[in-house]
Amino acid sequence: MKDRITGAKALMRALQAEGVKTIFGYPGGAIMPVYDSLFDYTRGEKKCFDHILVRHEQGATHAAEGYARVSGGVGVALVTSGPGVTNTLTGIADAMMDSTPMVVIAGQVAISALGTDAFQEVDLVGVAQPISKWSYQIRHAEDVAWAVSRAFYIARTGRPGPVVLDFPRNAQVEKIDWEAMKCNHVRSYVPYPKLDAEAVHKAAELINNAKKPLALVGQGVELGNAQTELQAFLEKADIPAGRTMLGLSALPSNHPLNVGMLGMHGNYAVNLKEQECDVLIAIGMRFSDRVTGNLKTYAKQAKIIHLDIDRSEIDKNVKTDVAVVADCKESLPAITALLEKADHQAWRDSFKPLDEQERTKVIEPAIHPKEGPLRMGEVVNAVAEQAPDDAILVTDVGQNQLFATRYFKYHHKRSICTSGGLGTMGYGMPAAIGATFAAPERCVCCFMGDGGFQMCIEELGTIMEQHSPVKMILMNNHYLGNVRQWQDMFWLRRKSFTKMLNPDYSLIAKGYGIAYEAVTDRKDLAAAVERMLKTEGPYILECAILEEDNVLPMTPPGMNIDQMMLEI
């Protein structure tokens with residue numbers, strides 16, 4: 001005899017079948033039947049889920065993103081209808097831009113009330129469709145198993161992304177005969193394109209004939225779990241590699257072929273060398289405007305090879321000579337097998353004088369200043385020097401993000417969580433919470449500015465309740481620093497509403513029962529960092545930063561990448 005259960009309970013079983021362990025959520029009226037069923041699955045002998053009660057639905061999505069980025073699995077957020085789910089839209093858009101696998105499940109009014117402007121009704125499927133990989137309304141309980149399995153299949157396969165399930169109340173309470181379902185195929189959806197052997201041969205031929213090859217490594221390597229395949233590819237052909245911000249931990253910082261971070265605030269040599277290389281190999285990256293600068297002048301001298309799982313990225317921004325559309329875990333070894341062992345020592349050595357210019361003019365003054373207030377670069381460096389090798393970097397958005405990604409050290413895969421494409425302030429704290437649940441054995445260091453810290457400050461309540469061991473480094477300069485830098489550089493130093501009056505963070509930390517320390521003098525910095533890292537549980541380290549600290553190098557917006565500035 002089949003088991004007769006409600007749609008809400010069917011959701012629990014469907015999530016269990018997908019291997020879900022952690023759910024980030026916030027209850028409300030339209031999702032209450034689901035939360036009632038969840039009660040039994042989070043305690044006692046039946047326990048199979050940890051439910052993390054966030055303090056705001058945006059926090060649920062960012063926590064799910066952090067969980068997904070670090071674990072390699074699918075993050076799950078559970079919220080109610082109306083404002084509950086509209087609060088998740090920023091996180092959904094963020095996940096879409098950064099290819100983060102996530103399933104958001106939201107309550108909805110009963111289908112009999114749809115279109116009546118019922119209390120907390122919103123057309124979620126219509127609103128979410130442009131910013132999600134798939135959005136669907138589960139109108140009847142009998143559709144739960146199918147819809148959930150399909151949602152997870154779409155979210156995690158191919159180029160990952162967020163999926164939204166709208167769950168009307170009638171479907172939650174209806175009873176059905178439970179029958180498990182597993183989705184392994186969706187008509188017209190081809191998540192893993194067939195590898196084109198001819199394209200592989202053409203790519204290998206270009207690389208074998210290259211004198212000055214350069215690889216651009218993106219997050220696609222991490223998403224495809226192709227870190228080992230990447231190293232084998234680079235080492236056989238002796239190719240220097242730059243990494244996008246989201247791809248920073250795809251290649252260890254200390255790897256001899258790593259030549260730094262790409263982009264507007266990346267490293268000097270690799271950005272200039274993009275304009276000199278003869279073959280440019282883009283691997284799992286999308287040629288963002290923050291990487292290319294002025295597209296009209298970008299890498300015009302080079303043959304372009306683009307490896308990507310998503311055909312829509314090919315020729316979207318940069319015209320390619322060879323496109324290898326496939327999972328990079330498959331395409332990289334296929335190309336590597338056809339490569340000749342190469343030695344590009346002279347080409348790699350040509351990066352060194354440019355690296356030295358950056359080190360002298362930018363890096364040393366940033367991480368080892370001799371006088372004046374603390375600098376963001378030295379705070380990041382101080383943490384990076386003491387943090388465990390497997391530490392995870394989480395950042396908010398702004399100057400804190402740019403300094404942190406530049407000066408942190410990456411030794412292990414899946415070691416960075418940051419909002420890349422959307423640039424979401426407030427991302428840092430909840431994403432760090434998610435990271436601690438994804439990898440409880442790893443140290444999570446979250447760098448935030450005073451602006452981003454206050455965007456989702458309510459998630460200190462989640463940290464307090466869960467005793468989530470997030471090491472929060474608050475770099476306080478009393479400014480919206482990145483906007484202030486642009487105002488100084490491009491808007492005649494007219495600081496329009498970027499100066500911030502901030503609260504007493506020590507009292508806020510005390511209210512939440514979180515360990516806190518403030519540093520104002522660099523002689524106290526190293527010891528304070530050591531205390532933070534040795535303290536069990538969460539910690540806030542507030543650092544008083546030079547108010548007008550600037551992120552350098554910088555390619556001004558719309559300029560050529562070889563016009564990168566080392567000083568202002």
Step by step, work out the salt bridge (charged side-chain N to carboxylate O under 4.0 Å, His left out) result for Lys175 and Glu142. CA-CA 8 Å; Lys175 287 198 171 182; Glu142 63 189 25; over 6 Å; no
If we count only N and O atoms by modelled type, under 3.5 Å, do the side chains of Asn502 and Gln454 hold a donor and an acceptor together? yes
Where at least one partner belongs to residues 165-174, residue pairs that pass side chain to side chain donor-acceptor pair (under 3.5 Å), sequence neighbours excluded: Gln108-Asp166, Gln137-Asp166, Asn170-Glu174
Close side-chain approach of Met285 and Arg243, heavy atoms under 4.5 Å: no
Could you tell me whether a side-chain N or O of Thr418 sits under 3.5 Å from a main-chain N or O of Gly420, the two making a donor and an acceptor? no
Does the Glu121 side chain pair with the main chain of Ala118, one donor and one acceptor, at a distance under 3.5 Å? yes
Using 4.0 Å as the upper bound for N to carboxylate O, is an ion pair formed by Arg286 and Asp310? no
Just checking, is any N or O donor in the side chain of Ser468 or Thr436 under 3.5 Å from an acceptor N or O on the other one? yes
Arg13/Glu179 ion pair, N-O < 4.0 Å: no
Is the closest side-chain heavy-atom distance between Lys471 and Cys446 below 4.5 Å? no
Which atoms form the tightest heavy-atom contact between Ala106 and Leu124, and what is the distance? CB-CD2, 3.7 Å
Within the side chain of Asp396, is there an N or O that forms a donor-acceptor pair under 3.5 Å with the backbone of Gly426? yes
Report yes if some heavy atom in the side chain of Ile52 is under 4.5 Å from a heavy atom in the side chain of Gln466; otherwise report no. yes
Taking Gln58 for its side chain and Gly91 for its backbone only, find out whether a donor-acceptor pair lies under 3.5 Å. no
Backbone N or O of Leu223 within a donor-acceptor pair of the Lys329 side chain at under 3.5 Å? no
Rounded to the nearest 0.5 Å, how far does CG of Asp327 lie from CG of Asn225? 8.5 Å
Crowding at CG, Asp117 (>12 non-hydrogen neighbours, <6.0 Å): no
Using modelled atom types and a 3.5 Å cut-off, is there a donor and acceptor pairing between side-chain atoms of Thr292 and backbone atoms of Leu295? no
Whether Gln401 side chain and Ser419 backbone form a donor-acceptor pair below 3.5 Å: yes
Quick one: does Arg442's side chain have a donor or acceptor within less than 3.5 Å of a partner on Asp390's backbone? yes
Which atom names give the shortest non-hydrogen contact between Ala431 and Val394, and what distance separates them? CB-CG1, 4.0 Å
Using the ring pair (Phe, Tyr, Trp, His ring centres under 6.0 Å) rule, collect all pairs that involve residues 421-461, keeping only residues at least two apart or in two chains. His62-Tyr427, Phe453-Tyr505
Are there more than 12 heavy atoms of other residues, nucleotides or ligands under 6.0 Å from atom NZ of Lys319? no
Carboxylate-amine/guanidinium contact Arg69 Glu222, below 4.0 Å: no
Criterion salt bridge (charged side-chain N to carboxylate O under 4.0 Å, His left out) on Lys47 and Asp50, from CA distance to verdict: CA-CA 8 Å; Lys47 180 177 179 180; Asp50 285 316; 3.0 Å; yes
For Gln227, does its backbone N or O pair with a side-chain atom of Lys413 as donor and acceptor, under 3.5 Å? no
Arg43 charged N/C atom sitting above Phe39 aromatic ring, 6.0 Å / 45°: yes
Which heavy atom of Ile416 sits nearest to which heavy atom of Leu248, and what is that distance? CD1-CD1, 3.8 Å
Distance flag, aromatic centroids of Tyr35 and His51, threshold under 6.0 Å: yes
With Ser132 as partner, the option from Val163, Leu89, Ile92 fulfilling side-chain contact (heavy atoms from CB on, under 4.5 Å) is Ile92
Would you say Thr462 and Glu459 are linked by a side-chain donor-acceptor pair, where the criterion is simply a distance under 3.5 Å? yes
Please name the pair of heavy atoms, one in Phe24 and one in Gly434, separated by the smallest distance, quoted to 0.1 Å. CZ-CA, 3.9 Å
With a 6.0 Å cut-off on ring centres, are Trp134 and Tyr153 close enough? no
Considering only heavy atoms from C-beta outward, does the side chain of Pro538 approach that of His467 to under 4.5 Å? yes
What I want to check is whether the side chains of Asp98 and Thr100 have a donor and an acceptor closer together than 3.5 Å. no
Going by atom types alone, do Gln219 and Ser99 pair a side-chain donor with an acceptor below 3.5 Å? no
Over all heavy atoms of both residues, which pair between Tyr410 and Leu393 is shortest? Give the atoms and the distance, please. OH-CD2, 3.2 Å
Taking the side chain from Ser249 and the backbone from Ser415, do they hold a donor-acceptor pair closer than 3.5 Å? yes
Sequence neighbours excluded, which residues qualify as salt bridge (Lys or Arg N to Asp or Glu O under 4.0 Å) partners of Asp177? Arg4
